[in-house]
A.B. asks: 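Starting off with a structure, shown below.
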There are 2 protein chains.
Amino acid sequence: MNISDVAARSGIPPKTIRYYEDIGLVKPPRDTNGYRVFREADMHKLAFMGRARALGFTIENCRNLLALWEDKNRASADVRHIAEDHLAQIEAKIADLNAMRETLKTLVTSCSGDDRPDCPILNDLAKLSKK
Amino acid sequence: MNISDVAARSGIPPKTIRYYEDIGLVKPPRDTNGYRVFREADMHKLAFMGRARALGFTIENCRNLLALWEDKNRASADVRHIAEDHLAQIEAKIADLNAMRETLKTLVTSCSGDDRPDCPILNDLAKLSKK
DNA sequence: TAAGGCCTTCCAGTGACTGGAAGGCAAGTG
DNA sequence: CACTTGCCTTCCAGTCACTGGAAGGCCTTA
C-alpha cells in the first residue's frame with residue numbers, strides 16, 4: 001500500500017502520516033524506489049490514531065495508548081487512567097468555554113448592533129479592565 | 001511606568017507585553033536608556049487585551065476590537081458582528097467537546113480498570129477504525 | 001564599588017500539523 | 001520512445017500565542 005491508499009483508508013492526510021513517521025509513531029519500510037510501503041498493521045495503527053485524535057487525545061497520549069494496545073499484558077487500569085485524565089481535561093475546557101459563552105451571550109444581546117457607536121461590548125471590555 | 005508595573009496592573013506578563021509590541025498592538029515610546037515607557041493609554045489597551053483574550057478572542061479579533069474601540073465613529077454593529085462570530089465558534093467548539101465527552105464517558109465507565117488486559121476503550125479505538 | 005534586580009535583545013521551542021517548492025518515479029497515451 | 005500527468009520523495013517555513021532562557025546593559029541601595 002502506498003501512502004495515498006492508507007490516507008484514503010484511514011482518513012489521515014498523507015502529510016500527517018509522514019509527520020507521524022517523523023515522530024516515530026509508525027515505521028513503514030521502504031520500497032526500492034524509496035516509497036513507503038504500508039502493511040496492514042501500519043494501517044490499523046494509523047486508523048487507531050485517527051480515532052484517538054478525534055477524541056482529542058494528545059499525540060503523547062496516543063503514543064501511550066498505542067503502546068498499551070500492543071502490550072498483551074497491559075492492565076486496563078492504565079488505559080482507563082489515561083482516558084479519565086483526558087476526560088477531566090475536556091470537562092475543564094468545556095467549563096471554561098461555557099463561562100466565555102455566557103459572558104459573550106450577555107454582551108451580544110445587550111448590544112443594539114446598529115449604526116450608533118455606543119457599544120456595551122466595548123464598554124465591558126474596557127470597564128472591567130480598570131478593576 | 002515600566003514594563004513590570006504595567007504587567008502587575010494589567011495582569012499580562014512582561015514577555016507577552018513585549019510580544020504585543022512586536023506585533024504592533026501597543027507602541028510605547030522609549031526612555032533614553034532604552035526602557036519602554038508605558039502611558040495610561042497603553043495600560044488600558046493592554047488591560048483591554050487581557051479581557052478580550054480571556055473571552056477567547058483571537059489576537060486578530062482583538063486588534064479589530066481595539067481599532068473599533070478607538071474609533072469614535074464606529075457602528076456598534078461591527079463590534080457585535082465580531083462577538084457573534086466568536087460566540088458561534090465557541091458554541092461549535094463546545095458541541096465538539098461535548099461529543100467527545102459523551103463518548104469518553106461511555107468508554108471510561110465500560111472499562112473495568114483493573115489488572116486484566118481486556119479493555120473496551122482500546123477495543124473501541126481499534127474497532128471503529130476498521131469501518 | 002559591588003550586589004541585586006530590573007531592563008534590553010535575540011534565539012529557540014511549544015503542538016500538531018500544513019503549505020509549498022524542487023525534483024524523482026510510474027503509468028498511460030500518441 | 002517521448003510526453004504528460006500524477007504520485008512519490010525531501011526539506012523549509014509558517015501557523016497561533018506565547019514562553020523559556022541566555023547574554024548583557026542599567027538602576028538603586030548599601
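Computed from a predicted structure; not experimentally measured. Here is the naming used below: chain letters follow the sequence lines, and residue numbers restart at 1 for every chain.
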A.B. asks: Rounded to the nearest Å, what distance is computed from the CG atom of residue B/Leu46 to the P atom of nucleotide D/dC18?
C.D. replies: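 The answer, rounded to whole Å, is 11 Å.
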A.B. asks: Please work out if A/Ile3 contacts a base, only the sugar-phosphate, or nothing of the nucleic acid, heavy-atom cut-off 4.0 Å.
C.D. replies: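 Contact class for A/Ile3: sugar-phosphate only.
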A.B. asks: Would you call B/Glu91 and A/Lys105 a salt bridge, using N to O less than 4.0 angstrom?
C.D. replies: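 Result for this pair is no, no salt bridge flagged.
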A.B. asks: Could you state the atom-to-atom distance from CG of B/Asp22 to P of C/dC11 in whole Å?
C.D. replies: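 In whole Å, C/dC11 P lies 12 Å from B/Asp22 CG.
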A.B. asks: For A/Glu60 and C/dC17, give me the distance from atom CD to atom P, rounded to whole Å.
C.D. replies: 12 Å
A.B. asks: Ignoring backbone atoms, test whether B/Ser4 places a side-chain nitrogen or oxygen under 4.0 Å from the OP1 or OP2 oxygen of C/dC7.
C.D. replies: yes
A.B. asks: Hydrophobic clustering (ILVMFWY, side-chain heavy atoms < 4.5 Å, transitive) - are A/Val6 and A/Tyr35 grouped together?
C.D. replies: no
A.B. asks: Kindly compute the distance separating CD1 (B/Ile59) from CG (B/Asn64), expressed to the nearest 0.5 Å.
C.D. replies: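 Interatomic distance, B/Ile59 CD1 to B/Asn64 CG, rounded to 0.5 Å: 11.5 Å.
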A.B. asks: Could you check how far CG of A/Asp5 sits from C1' of D/dC8, rounded to whole Å?
C.D. replies: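 Between C1' of D/dC8 and CG of A/Asp5: 12 Å.
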A.B. asks: Run the salt-bridge test on A/Asp42 and A/Arg39 with the 4.0 Å N-O cut-off and return the result as yes or no.
C.D. replies: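 Between A/Arg39 and A/Asp42 there is a salt bridge, with a charged N closer than 4.0 Å to a carboxylate O.
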A.B. asks: Using the side-chain heavy atoms of B/Arg30, tell me which of these nucleotides is nearest: C/dC17, D/dT10, C/dT8.
C.D. replies: C/dT8
A.B. asks: Could you state the CD1-P distance from A/Ile59 to C/dT14, rounded to the nearest angstrom?
C.D. replies: 14 Å
A.B. asks: Can you identify which nucleotide, out of D/dC27, D/dC18, C/dC6, has its nearest atom closest to the B/Asn33 side chain?
C.D. replies: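 In terms of side-chain proximity for B/Asn33, the closest of D/dC27, D/dC18, C/dC6 is D/dC27.
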A.B. asks: Do the side-chain N or O atoms of B/Asn2 get closer than 4.0 angstrom to the phosphate oxygens (OP1, OP2) of C/dC6?
C.D. replies: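 For C/dC6, OP1/OP2 do not have a side-chain N/O of B/Asn2 under 4.0 Å.
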A.B. asks: Rounded to the nearest Å, what distance is computed from the CZ atom of residue B/Arg63 to the P atom of nucleotide D/dC16?
C.D. replies: 11 Å
A.B. asks: Which parts of residues 81-89 of chain B get close to DNA chain D, meaning a heavy atom less than 4.0 angstrom away?
C.D. replies: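 Correct list: empty, so none.
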A.B. asks: Select one nucleotide: of D/dT9, D/dC18, C/dT18, the one nearest the side-chain heavy atoms of B/Tyr20.
C.D. replies: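 Among D/dT9, D/dC18, C/dT18, the one nearest the side chain of B/Tyr20 is D/dC18.
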A.B. asks: Checking A/His86 side chain against A/Leu55 main chain: does a donor-acceptor pair fall under 3.5 Å?
C.D. replies: yes
A.B. asks: For A/Lys15 and A/Tyr35, find the nucleotide of DNA chain D closest to each by heavy atoms; which residue's nucleotide sits nearer the 5' end?
C.D. replies: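 Between the two, 5'-proximity favours A/Tyr35.
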A.B. asks: Tell me whether the side-chain N/O atoms of A/Arg36 come closer than 4.0 Å to OP1 or OP2 in D/dC8.
C.D. replies: no
A.B. asks: Are A/Val37 and A/Val26 connected in the hydrophobic side-chain network, where two residues link if heavy atoms are under 4.5 Å apart?
C.D. replies: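 No, separate clusters.
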A.B. asks: Taking atom P of C/dG15 as reference, at what distance in whole Å does atom OH of A/Tyr19 sit?
C.D. replies: 8 Å
A.B. asks: Identify which nucleotide among C/dC25, D/dC8, D/dC18 has an atom closest to any side-chain atom of B/Thr16, counting heavy atoms from C-beta outward.
C.D. replies: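 Output: D/dC18.
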A.B. asks: In whole angstrom, give the distance that lies between atom CZ of B/Arg18 and atom P of D/dT19.
C.D. replies: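 That distance rounds to 13 Å.
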A.B. asks: Less than 4.0 angstrom from a charged side-chain N to a carboxylate O is my criterion; do A/Glu60 and A/Arg63 meet it?
C.D. replies: yes
